Amino acid sequence: MTECTGQGPKNPRVSSVMVQLEMKPLWEEFNQLGTEMIVTKAGRRMFPTFQVKILGMDTLADYALLMDFIPLDNKRYRYAFHSSAWLVAGKADPATPGRVHFHPDSPAKGAQWMRQIVSFDKLKLTNNLLDDNGHIILNSMHRYQPRFHVVFVDPRKDSARYAQENFKSFVFTETQFTAVTAYQNHRITQLKIASNPFAKGFRESDQDSWPVAPRPLFSIPARSRSSLGPCLLKGSAGQEKDTSKASGSKSRTPAQLHLPLLPAPEALLAPATYRPLPYQGLYSASPSHVGIPRARPAPYPLPNIRADGDQEAPTFPAGLGLLAPSAVCLGPGQDAQ
């Protein structure tokens, strides 16, 4: 169970309410290391998630569940990496706007709340003082204590008079934490990766994430050649056996299916035997020092090239797909003029 911080007499519909913290061993493990919770401008969810099991509610009464966070002290902290410990760094920053987070299912009947575990997985922590999304605003490098509240929705018209009697608060000391913008203690980082089901990609020991060595395309183990049948092994004994069986049976499978589906690997991997056709093969009047591969066979006019190779630049037909003489190769980050 947990410690109740409410004072004074309580309404019978909340006085018998009891709350159990879920994943308590995990919270205690984090607390021994010094729990840290990330706060961001956009808001970050808590891990471990605050989850509770509620008992003792009136099954027919309506209840609202909410959480708030209170500072543990008026100090600001810093993490000393050489000693792996949190140290006091001065006086606390000005207090952030106090906010409460209502469970999205509130209000609901007591029977519904007690039917299953109540999870505050929608709650987010932020350090943005101007946040307008309803997130809990916290100061980074400050310590906080989450509080859980059960509020009886009193149907009486003058229910405001009984506000102090209609709620009950619960505090779990193992859930206190330090708000940070980045994890300071590497052991907290390792524990969160190891225990968070959504951090599977960060686990180095996860076998599913181990790289698999690529296999050669045409590397076929010797023991598996017989399983390929006549499709890839033409002329083999297995093919002759399967062919004889196919001819003796009444199968209507065409004989063409028994031909090889792929050419021999030597044919696919053989070096190219063609050679590029020089420019002189297309235009016999061109000088020998101009060697340009043939782009496409078409009756283009002879280029205007002087035999003595003087100042005039050669002009090639546009259909050859060549760059213009004035074209310049641009480097990275340069724009064409």
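Note that the structure is predicted; figures quoted are calculated from it, not measured.
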Do any N or O atoms from the side chain of Thr96 and from the backbone of Ile137 form a donor-acceptor pair under 3.5 angstrom? yes

In terms of heavy-atom contacts, Ala61 and Arg13 come closest through CB-CD, 3.9 Å

Is there a side-chain contact between Ile117 and Ile54 (heavy atoms, below 4.5 Å)? no

Quick check: closest heavy atoms across Leu129 and Pro97, and the distance to 0.1 Å? CD2-CD, 4.3 Å

To the nearest 0.5 Å, how far apart are OG in Ser169 and CZ in Arg147? 6.0 Å

Pairing residues for Glu165 by the side-chain contact (heavy atoms from CB on, under 4.5 Å) criterion, not counting sequence neighbours: Tyr162

May I ask you to say whether Arg45 pairs ionically with Asp121, meaning some side-chain N is under 4.0 Å from a carboxylate O? no

Atom pair CG/CG of Leu191 and Asn185 - distance to nearest 0.5 Å: 10.0 Å

Find out whether the Lys NZ or Arg CZ of Lys168 is both under 6.0 angstrom from the six-membered ring centre of Phe152 and within 45° of the ring's axis. no

With heavy-atom distances below 4.5 Å as the criterion, would you say the side chains of Asn139 and Asn127 are in contact? no

Might you point out which heavy atoms bring Ile38 and Thr40 nearest each other, and give the distance in Å? CG2-CG2, 3.7 Å

On a heavy-atom basis, the closest approach of Leu21 and Thr175 is CD2-CG2, 3.8 Å

Set out, in order, the CA-CA distance, both residues' side-chain angles and the distance that settles salt bridge (charged side-chain N to carboxylate O under 4.0 Å, His left out) for Asp68 and Arg99, then state yes or no. CA-CA 6 Å; Asp68 66 350; Arg99 288 183 174 179; over 6 Å; no

With heavy-atom distances below 4.5 Å as the criterion, would you say the side chains of Val150 and Phe167 are in contact? no

Name all pairs fulfilling the side-chain hydrogen bond (donor to acceptor under 3.5 Å, both in side chains) condition that reach into residues 100-117, sequence neighbours left out, sorted by first residue then second. Asp62-Lys109

Donor-acceptor contact present, side-chain Lys124 to main-chain Ile136, <3.5 Å: no

What distance do Tyr77 atom OH and Lys75 atom NZ have between them, rounded to the nearest 0.5 Å? 5.5 Å

Verdict with reasoning, Asp131 to Lys41, per salt bridge (charged side-chain N to carboxylate O under 4.0 Å, His left out): CA-CA 8 Å; Asp131 175 78; Lys41 185 176 181 180; over 6 Å; no

What closest approach, in Å, do His142 and Ala92 show between heavy atoms, and which atom pair accounts for it? NE2-CA, 3.6 Å

Between atom CD1 of Ile188 and atom CZ of Phe47, what is the distance when rounded to the nearest 0.5 Å? 11.0 Å

Give the C-alpha distance, both sets of side-chain angles, the deciding distance and a yes or no for side-chain hydrogen bond (donor to acceptor under 3.5 Å, both in side chains) between Glu36 and Thr178. CA-CA 5 Å; Glu36 301 174 17; Thr178 303; over 6 Å; no

Parallel, tilted or perpendicular for Trp27 and Phe50, by the 30°/60° rule? perpendicular

Please report the interatomic distance NZ(Lys10) to OG(Ser16), rounded to the nearest 0.5 Å. 13.0 Å

Is there a donor-acceptor contact under 3.5 Å from the side chain of Thr35 to the main chain of Phe30? yes

Is there a side-chain contact between Ile70 and Gln145 in this structure, where contact means two heavy atoms from C-beta onward sitting under 4.5 Å apart? yes

After noting the C-alpha distance and the side-chain angles of Phe170 and Phe172, does the key distance pass the ring pair (Phe, Tyr, Trp, His ring centres under 6.0 Å) rule? CA-CA 7 Å; Phe170 302 87; Phe172 301 91; 7.3 Å; no

Measure the shortest side-chain to side-chain distance between Val151 and Leu66 over non-hydrogen atoms and say whether it is less than 4.5 angstrom. yes

Taken to the nearest 0.5 Å, the spacing of Met23 CE from Thr49 OG1 works out to 5.5 Å

Least distance between heavy atoms, Ala179 atom then Val39 atom: CB-CG1, 4.0 Å

Check for a donor-acceptor pair, side chain of Lys53 on one end and backbone N or O of Val118 on the other, with a separation under 3.5 Å. no

Flag this pair as yes if the NZ/CZ of Lys122 is under 6.0 angstrom from the six-membered ring centre of Phe102 and inside a 45 degree cone about the axis; otherwise no. no

Using modelled atom types only, decide if a donor and an acceptor are shared between the side chain of Tyr63 and the backbone of Asp58 within a distance under 3.5 Å. yes

Residues Asp154, Arg156; criterion salt bridge (charged side-chain N to carboxylate O under 4.0 Å, His left out); working and verdict: CA-CA 6 Å; Asp154 198 334; Arg156 293 176 291 185; 2.6 Å; yes

